[in-house]
Amino acid sequence: MTDTAKPINFIQQIISADIESGKTHKVVTRFPPEPNGYLHIGHAKSICLNFGLAELFNGDCHLRFDDTNPEKEDTEYVQAIIEDVRWLGFLWQGEIRYASDYFDQFYQWACDLIDHQKAYVCELNAQQMREYRGTLTEAGKDSPYRNRPAAESRALLEQMKAGSIAEGAMTLRAKIDMASANINMRDPVLYRIKRMAHHRTGDQWNIYPAYDFAHGQEDAIEGVTHSICTLEFTANRPLYNWFIENLAVPTTPQQYEFGRLNLNYTITSKRKLKQLVDEGHVDAWDDPRMPTLSGLRRRGVSASAVRNFCDSLAVAKTDGVVDMAQFEHFIRDDLNNNARRAMCVLKPLLVTLTNYEQDKVEQFAAAAHPQRDDLGERSIAFRQQLYIDRNDFSEDTGLSRKKFKRLVIGDYVRLRSAYIIRADQVVRDSVGEIQEIKASIVPNTVGADAPEGIRARGVIHWVSALDAVDCTINLYDRLFAEAQPDSGDKNFLEHLNPASLKVIQGCKAEASLDNAEVGEHYQFEREGYFCRDGKVSVRLAFNCTIGLRDNWKG
RNA sequence: UGGGGCGUGGCCAAGUGGUUAAGGCAUCGGGUUUUGAUCCCGACAUUCGGAGGUUCGAAUCCUCCCGCCCCAGCCA
């Protein structure tokens, strides 16, 4: 945290007031994902908010799966979600909860509503129900089944539950107000028939509760005090409250809405991310180009970077689009502070040092981090032949020292953590391509300043040719070429960036990288941040998390 | 269109009637540097969607207008 206090957001203000007034004794929040896809960066904001609030007020935060629709849900997703929340570093209170654990209670409450003439089994089909619902400007009409006897509804609901009624033929509806200006209040559906197995309750049920008939009650059962959701649920709040008021629930949670996170050049819609996976536009949910938490993790983004970013976000009711650069800032900031340094040459160019003995080898100690001694150092081998990056050499000797701080014939450059060298001669192959550079070292310049009269143009990275290990490097660019691929009437698939992945083979990494661990972050000096990919078939591959900032206006 | 929500610099945003409208990102200058990184210093809204009004005083209160988002799934 910086010296300036972070502003108190509106939800914190509400909770503080509730505690002060005695309304709330212990704060309980929850993160309630539906297991119908993988978590993405937008969910991270919600996770940080809910767990963060519980922590701030010494309360509890539950992890609860809102598994009310077996059609779209799967245990693969629950496992992935659990792993992602753990990865972010949050601990939920007690056992993991499931809406499906409360199905019996929901059913009992539905019966109570029927008995009090506040719900009825309706036999309108989907099409008819739409017609009866009215429009934004016209009131709806009462269903012809609205006033059927409670006993009849009870019996029909029993049959729906037993599986003897066809899907779509009947629903259980709340009896509220078909003329309400809020369409959510026009006799919403409580139960619909889905004669299919649920990933947790198996064949036990043929009817499943709708979101509105489940969420608030789940909160009430768990004693959630502040139920925080995104803005699009604002119109559902009166309905949320209606159930809390009309059911014999044990506690009275309150719903509050905040603006979800939107990031440019990507999408945060589970449905659309699933489409990218299903249609093969990306490898999988954890493709490093995906804004999913598993994708970011595989890309090399640290959990603390995600958390720092989320904590920097405003919790308010505005729905804006955060610039990807803001997220990238937190990714770089964390990696710069914590990633070990190493060297890797992406486009190798052979350099032979003509004044260095052929069999000689020196081991130089190089700091793992320029500002953090606690990270120690590593040993790097130095020999007569080494690789530098092709981009670090230019045949244009007219380039000024300010304009090109790299290697040029006749001039000097510092090899990072090693000697200053001078380029002497270009060796070409039969078609004229540069094959090799002949160069010479300036003696006694390791860990020492250049002698009088010699000034290195700059510092470049390198790797000993004999000691380096081959590796593949995956370079990523934004998944979409359009800042808002999803807005208006755009088809997001048309804006996929065809160059979002570039695979570079034959890269040369310093020997210490040979046993890099998956999940460990590195900075390849002068290139960017990388981490080893654990899913590839090649022996050694690194994903580029993000490049270094480059202020060079060349 | 009925209802609900929101408009503060390129982006995010604090501000809850009274010093020169915080801060972050981005951008632009300059310094340090064995990473063109990091770090450091400096610049960057006479004005808060617009127009009126209340007030000694308004981004904050009132009125009208404009714009954007959400709701018409047996999705969540």
Side-chain angles (χ1 to χ4, degrees), chain A residues 2 4-9 13 32-34 36 66 68-69 71-72 122 124-126 129-130 133-140 167-173 180-186 188-194 207-208 210-212 214-215 229-238 257 259 261 264 270-271 312-314 316-330 332-333 336-337 341 343 366-367 369-371 402 404-406 413-418 420 445-450 456 458-461 523-528 547-554:
Chain A
T2 52
T4 50
K6 196 171 156 57
I8 306 298
N9 67 54
Q13 291 180 31
E34 184 193 12
N36 66 344
D66 215 354
T68 56
N69 185 358
E71 204 170 325
K72 297 182 174 177
C122 179
L124 253 26
N125 63 33
M129 200 181 290
R130 200 173 307 126
R133 187 154 36 223
T135 68
L136 294 178
T137 49
E138 303 160 277
E167 286 192 18
M170 296 181 190
T171 55
L172 181 72
R173 295 227 260 162
S180 173
N182 182 347
I183 292 178
N184 292 289
M185 300 300 271
R186 321 241 263 229
V189 169
L190 272 35
Y191 270 105
R192 64 303 208 198
I193 299 169
K194 281 179 190 286
I207 55 173
Y208 293 92
Y211 165 84
D212 288 304
H215 206 96
C229 62
T230 43
L231 253 26
E232 66 269 27
F233 291 99
T234 306
N236 297 59
R237 186 173 359 113
E257 312 87 20
L261 167 65
N264 59 17
K270 262 199 266 184
R271 205 202 97 228
S312 82
L313 264 16
K317 284 176 169 276
T318 43
D319 54 353
V321 181
V322 175
D323 204 311
M324 186 59 93
Q326 195 164 324
F327 184 28
E328 292 176 342
H329 163 77
F330 285 94
R332 288 197 181 94
D333 185 55
N336 175 53
N337 290 328
R341 311 286 125 122
M343 292 192 285
H369 190 115
Q371 281 89 231
K402 185 153 172 66
F404 192 71
K405 301 164 80 167
R406 312 176 190 190
V413 81
R414 159 79 68 181
L415 294 179
R416 172 114 247 229
S417 303
I420 288 175
T445 49
V446 180
D449 289 339
V459 181
I460 63 171
H461 58 108
Q523 183 198 95
F524 290 174
E525 293 190 277
R526 300 212 314 133
E527 292 288 358
L548 253 29
R549 244 186 84 157
D550 187 2
N551 289 330
W552 180 41
K553 296 165 279 290

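Residue numbers start from 1 in every chain, and the chains themselves are labelled A, B, ... in the order their sequence lines are given, proteins ahead of strands.
- Taking each heavy atom of A:H369 and A:N336 in turn, the nearest pair found is CE1-O, 2.7 Å.
- Using N1 to N3 plus N6-O4 or O6-N4 for Watson-Crick, or N1-O2 and O6-N3 for G-U wobble, each under 3.5 Å, B:rU16 pairs with nothing.
- B:rC11 and B:rA45 have their C1' atoms separated by 15 Å, given to the nearest Å.
- Among the atoms of the strands shown, base atoms are found under 4.0 Å from some heavy atom of A:A126.
- If you check every strand for non-hydrogen atoms under 4.0 Å, A:A181 touches a base.
- Here A:N236 lies in heavy-atom contact (under 4.0 Å) with a base.
- Pair check for B:rG67 finds B:rC6; Watson-Crick or G-U wobble, both atom distances under 3.5 Å.
- Contacts of A:A366 with the nucleic acid, taken as non-hydrogen atoms under 4.0 Å apart, are absent.
- Residue A:R186 places none of its side-chain N or O atoms closer than 4.0 Å to OP1 or OP2 of B:rC71.
- Within 4.0 Å (heavy atoms only), A:E34 reaches sugar-phosphate atoms of the nucleic acid but no base atom.
- Among the atoms of the strands shown, none is found under 4.0 Å from any heavy atom of A:M343.
- Residue A:F233 is in base contact, counting any heavy-atom pair closer than 4.0 Å across all strands shown.
- Residue contacts for A:K405: at a heavy-atom cut-off of 4.0 Å it reaches a base atom on one of the strands shown.
- Taking atom C1' on both B:rC44 and B:rG10, the two are 11 Å apart, rounded to the nearest angstrom.
- Comparing A:G134 and A:R549 against RNA chain B, the residue whose closest nucleotide sits nearer the 5' end is A:R549.
- A:E232 pairs by the salt bridge (charged side-chain N to carboxylate O under 4.0 Å, His left out) definition with A:R260, not counting sequence neighbours.
- One P atom belongs to B:rG23, the other to B:rC65, and the distance between them is 37 Å to the nearest Å.
- Look at B:rG42: its Watson-Crick or wobble partner, with both distances under 3.5 angstrom, is B:rC28.
- For the P atoms, the distance linking B:rC64 with B:rG2 amounts to 15 Å, nearest Å.
- Contacts of A:V413 with the nucleic acid, taken as non-hydrogen atoms under 4.0 Å apart, are absent.
- Using the Watson-Crick or G-U wobble rule with both distances under 3.5 Å, B:rA59 pairs with nothing in any strand shown.
- Within 4.0 Å (heavy atoms only), A:T234 reaches sugar-phosphate atoms of the nucleic acid but no base atom.
- Among the heavy atoms of the strands lying under 4.0 Å from A:N125 is at least one base atom, whether or not backbone atoms are also near.
- For A:R130 and B:rC74, the shortest distance from a side-chain N or O to OP1 or OP2 is not below 4.0 Å.
- Residue contacts shown for A:R332 are absent, as no nucleic acid heavy atom lies under 4.0 Å away.
- Here A:R237 does not reach the OP1 or OP2 of B:rG4: none of its side-chain N or O atoms lies under 4.0 Å away.
- Checking the phosphate oxygens (OP1, OP2) of B:rA37, no side-chain nitrogen or oxygen of A:R416 falls inside 4.0 Å.
- Taking every side-chain heavy atom of A:R406 into account, B:rG36 is the closest of B:rG7, B:rC75, B:rG36.
- When heavy atoms are screened at a 4.0 angstrom cut-off, A:L124 is found touching base atoms of the nucleic acid.
- Checking the phosphate oxygens (OP1, OP2) of B:rC75, a side-chain nitrogen or oxygen of A:K194 falls inside 4.0 Å.
- At least one side-chain nitrogen or oxygen of A:T68 sits closer than 4.0 Å to the OP1 or OP2 atom of B:rA76.
- In this structure, CZ on A:R341 lies 14.0 Å from NE2 on A:H461, to the nearest 0.5 angstrom.
- Residue A:T135 places none of its side-chain N or O atoms closer than 4.0 Å to OP1 or OP2 of B:rU1.
- Within 4.0 Å of A:E328, counting heavy atoms only, lies no atom of the nucleic acid at all.
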